[in-house]
Amino acid sequence: MSKNPESVPLCPLNSAAATELEPLCIFGTGDLGRSLGQRLLQSGYKVVYGSRKPHSCGPLPPGTQAMSHSAAAQSAALVFICIHREHYSFLETLAPQLQGKVLVDVSNNLKKNLYPEANAEYLQRLVPGAHVVKAFNTLSAWTLQNGPSDANRQVYLCGNSAEAKQAVAETATKLGFTVLDRGSLSAARELEDFPLQLFPEWRLPLRIAVGLTAAFYFFLLIRKVIYTYVQKGDDISFRIMVSLANKVFPIVSLIMLSLCYLPGVIAAFLQLYRGTKYRRFPDWLDRWMLCRKQLGLLALAFAFLHVLYTLIIPIRYYVRNRITSSTILLIKQNKTSPFDSTMAWRSDSFLSFGILGFGLYVLLGITSLPSVSNALSWREFSFVQSKLGYLTLFFCTLHTYLYGWNTFLKPTSYPWYTPPGYLLCLIVPTVVLVLKLLLLVPCVDRSLTRIRQGWDRANKVDDGEKSLLA
């Protein structure tokens, strides 16, 4: 006589679903512990919580069970420690129950170097018979609850036991994460410092952006506002808010876009000089190349600001007043402004290349997004970021040349013997484009292609010497 089951499965059992995963234990019923338990339940695990107050520990995910720390530790071979380091002391009394268990330390600190040793190392010292693995500390409760996305798929782990790390890695993989093994437990402090870092890859690009903005802003302030006040007595300080800003933004944008492609050109000439691709680049060049994406996105942000500031020019009081005054003056003098065909060509070309450059700029920014770049093949991504990138730099540089036109020939363009700002910002992009053209010369391009395909000048010399000796 068959008994009625106490629960009915919501989906049909197959061979994969019929294999019940081993139960897992979580110490801690806070936000991270509840989110981790919910994610483990969705992946098919049975979850048991260990709590000081198992009967009044707050709402837990449906399907889980709360019990004392001692009882929970005995029910699973893998235990997640989702509590703060300050409360680790009670774990020492549970050393017999945790003997041989895998303890996953997910804790973080409020600031770096808060304690003389890493939390995971401290935990290992409290429970020497357990196998401590540092993992999951770089994930937030929100990420665990909603599942991994492109920006946070990685789970870093470290530990002294290969078997313990393998068990944690299998669990992380079942949750949908990619595991990166950072070695022994001595790397735990490094993993605990990861969440405390604030935009580490953006620090150098942000410093460059702030430095360039401040330098050119004060430079143009001296040339435009202070010079006019000292020499002519005119107060045009109101131009600080829009006019000066709209000159600084495109200058910084063009220089930072050039800085995205300059390290690649330098690397190519280094490979040509060395005759091999197997020698490391200097550390400063490596760091520069690693932050090119951030440099490009900041350059795009400055380009957006330039576009927005340009769009408000017609509605500015200063501009409307000047247009009205000049129109009234021409009416009073019964004159008309003659049409200048050269100026018309220059103006239309200047605007056209600016629009084309900005359009390609936006395309570069879109393809740098992980959701878009993951959908592109390497050849497609390289074509957009390299070929169209240089085309973007060319259009934006030409846009700036057309803006300046022949004003650099006029003595009035050099107040206090200072060069125009647009002339300074053209130095870096012009150098990059000229060097790139040199790399496109057939004989140079052929040599560079051979080197990047594995040809080594030193090996060729050695082979030639061996053939002569033979």
Side-chain angles (χ1 to χ4, degrees), residues 32 84-85 104-121 133-144 146 148-159 172 177-215 252-253 255-264 266-267 280-305 364-374 381 385 389:
L32 185 64
H84 294 287
R85 176 186 173 127
V104 184
D105 178 33
V106 303
S107 65
N108 288 310
N109 296 319
L110 296 177
K111 60 181 181 180
K112 294 183 179 180
N113 302 320
L114 189 61
Y115 300 101
E117 59 185 345
N119 296 349
E121 292 176 318
V133 177
K134 187 73 182 184
F136 289 93
N137 67 301
T138 57
L139 302 178
S140 64
W142 186 91
T143 301
L144 290 170
N146 294 276
S149 60
D150 291 331
N152 47 21
R153 283 188 178 277
Q154 296 176 338
V155 168
Y156 298 93
L157 62 83
C158 66
F177 295 99
T178 301
V179 178
L180 293 178
D181 191 344
R182 303 297 294 230
S184 66
L185 201 61
S186 59
R189 180 176 290 278
E190 180 185 357
L191 298 191
E192 291 171 6
D193 288 343
F194 279 174
L196 300 176
Q197 296 176 354
L198 183 63
F199 303 116
E201 298 176 350
W202 288 82
R203 289 179 181 176
L204 178 59
L206 284 172
R207 288 171 182 170
I208 294 174
V210 172
L212 288 173
T213 302
V252 177
S253 177
I255 293 177
M256 294 193 69
L257 179 63
S258 308
L259 293 178
C260 292
Y261 294 96
L262 182 57
I266 295 175
R280 280 183 56 86
F281 294 128
D283 290 338
W284 59 268
L285 186 57
D286 270 337
R287 291 195 300 269
W288 190 354
M289 296 181 74
L290 289 174
C291 69
R292 287 181 294 178
K293 176 181 177 179
Q294 289 76 18
L295 285 171
L297 291 176
L298 286 175
L300 177 60
F302 279 99
F304 262 111
L305 289 174
L364 292 176
I366 292 174
T367 53
S368 68
L369 297 174
S371 58
V372 178
S373 60
N374 290 341
F381 182 78
Q385 294 293 327

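Residues: numbered from 1 along the sequence shown.
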Within the distance-only criterion (no hydrogens, no angle test), does the side chain of [X] pair as donor or acceptor with the backbone N or O of [Y] below 3.5 angstrom?
{"X": "S253", "Y": "F302", "result": "no"}
{"X": "R292", "Y": "M289", "result": "yes"}
{"X": "D105", "Y": "A120", "result": "yes"}

Quiz item: Does a sphere of radius 6.0 Å around CD in E201 hold more than 12 heavy atoms from other residues, nucleotides or ligands, not counting ones at 6.0 Å or beyond?
Solution: no
Quiz item: Does a sphere of radius 6.0 Å around NZ in K112 hold more than 12 heavy atoms from other residues, nucleotides or ligands, not counting ones at 6.0 Å or beyond?
Solution: yes
Quiz item: Excluding sequence neighbours, so at least two apart, what forms ring-ring contact (aromatic ring centres under 6.0 Å, His included) with F381?
Solution: none
Self-check item: Test ring-ring contact (aromatic ring centres under 6.0 Å, His included) applied to F194 - qualifying residues, sequence neighbours left out
Solution: Y156
Closest non-hydrogen atom pair, [X] against [Y]:
{"X": "A135", "Y": "V106", "answer": "O-CG1, 3.2 Å"}
{"X": "S186", "Y": "E121", "answer": "CA-OE2, 3.6 Å"}
{"X": "G389", "Y": "L364", "answer": "CA-CD1, 3.8 Å"}
{"X": "A172", "Y": "V179", "answer": "CB-CG2, 3.7 Å"}

Rounded to the nearest 0.5 Å, how far apart are [atom1] of [X] and [atom2] of [Y]?
{"X": "L196", "Y": "K111", "atom1": "CG", "atom2": "NZ", "value": "11.0 Å"}
{"X": "N108", "Y": "S140", "atom1": "CG", "atom2": "OG", "value": "11.0 Å"}
{"X": "L369", "Y": "N374", "atom1": "CG", "atom2": "CG", "value": "10.5 Å"}
{"X": "C291", "Y": "R203", "atom1": "SG", "atom2": "CZ", "value": "13.0 Å"}
{"X": "N137", "Y": "L32", "atom1": "CG", "atom2": "CG", "value": "9.5 Å"}

Quick one: are [X] and [Y] in side-chain contact, heavy atoms under 4.5 Å?
{"X": "W288", "Y": "I266", "value": "yes"}
{"X": "T138", "Y": "V155", "value": "no"}
{"X": "F177", "Y": "Q154", "value": "no"}
{"X": "L297", "Y": "W202", "value": "yes"}
{"X": "S373", "Y": "T367", "value": "no"}
{"X": "C158", "Y": "V133", "value": "no"}

Quiz prompt | N119 and N109 side chains, donor-acceptor separation under 3.5 Å | solution =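 N109 vs N119: donor-acceptor pair found between side chains.
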Which donor-acceptor pairs under 3.5 Å do side chains of residues 255-262 form with protein atoms, sequence neighbours excluded?
{"residue": "S258", "atom": "OG", "partner": "L254", "partner atom": "O", "Å": "2.8"}
{"residue": "Y261", "atom": "OH", "partner": "Q385", "partner atom": "O", "Å": "2.8"}

Practice problem: Write out all pairs satisfying salt bridge (charged side-chain N to carboxylate O under 4.0 Å, His left out) with one or both partners inside residues 185-196, taking only residues at least two apart or from two chains. | Solution: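 Sorted pair list: K134-E192, R182-E190.
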Exercise. Please identify each residue that fulfils salt bridge (charged side-chain N to carboxylate O under 4.0 Å, His left out) with R280, with sequence neighbours left out.
Key: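 R280 satisfies salt bridge (charged side-chain N to carboxylate O under 4.0 Å, His left out) with D283, D286 once adjacent residues are dropped.
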Exercise. With sequence neighbours excluded, tell me which residues meet side chain to side chain contact (heavy atoms under 4.5 Å, CB included) with F304.
Key: L300, F358, V362
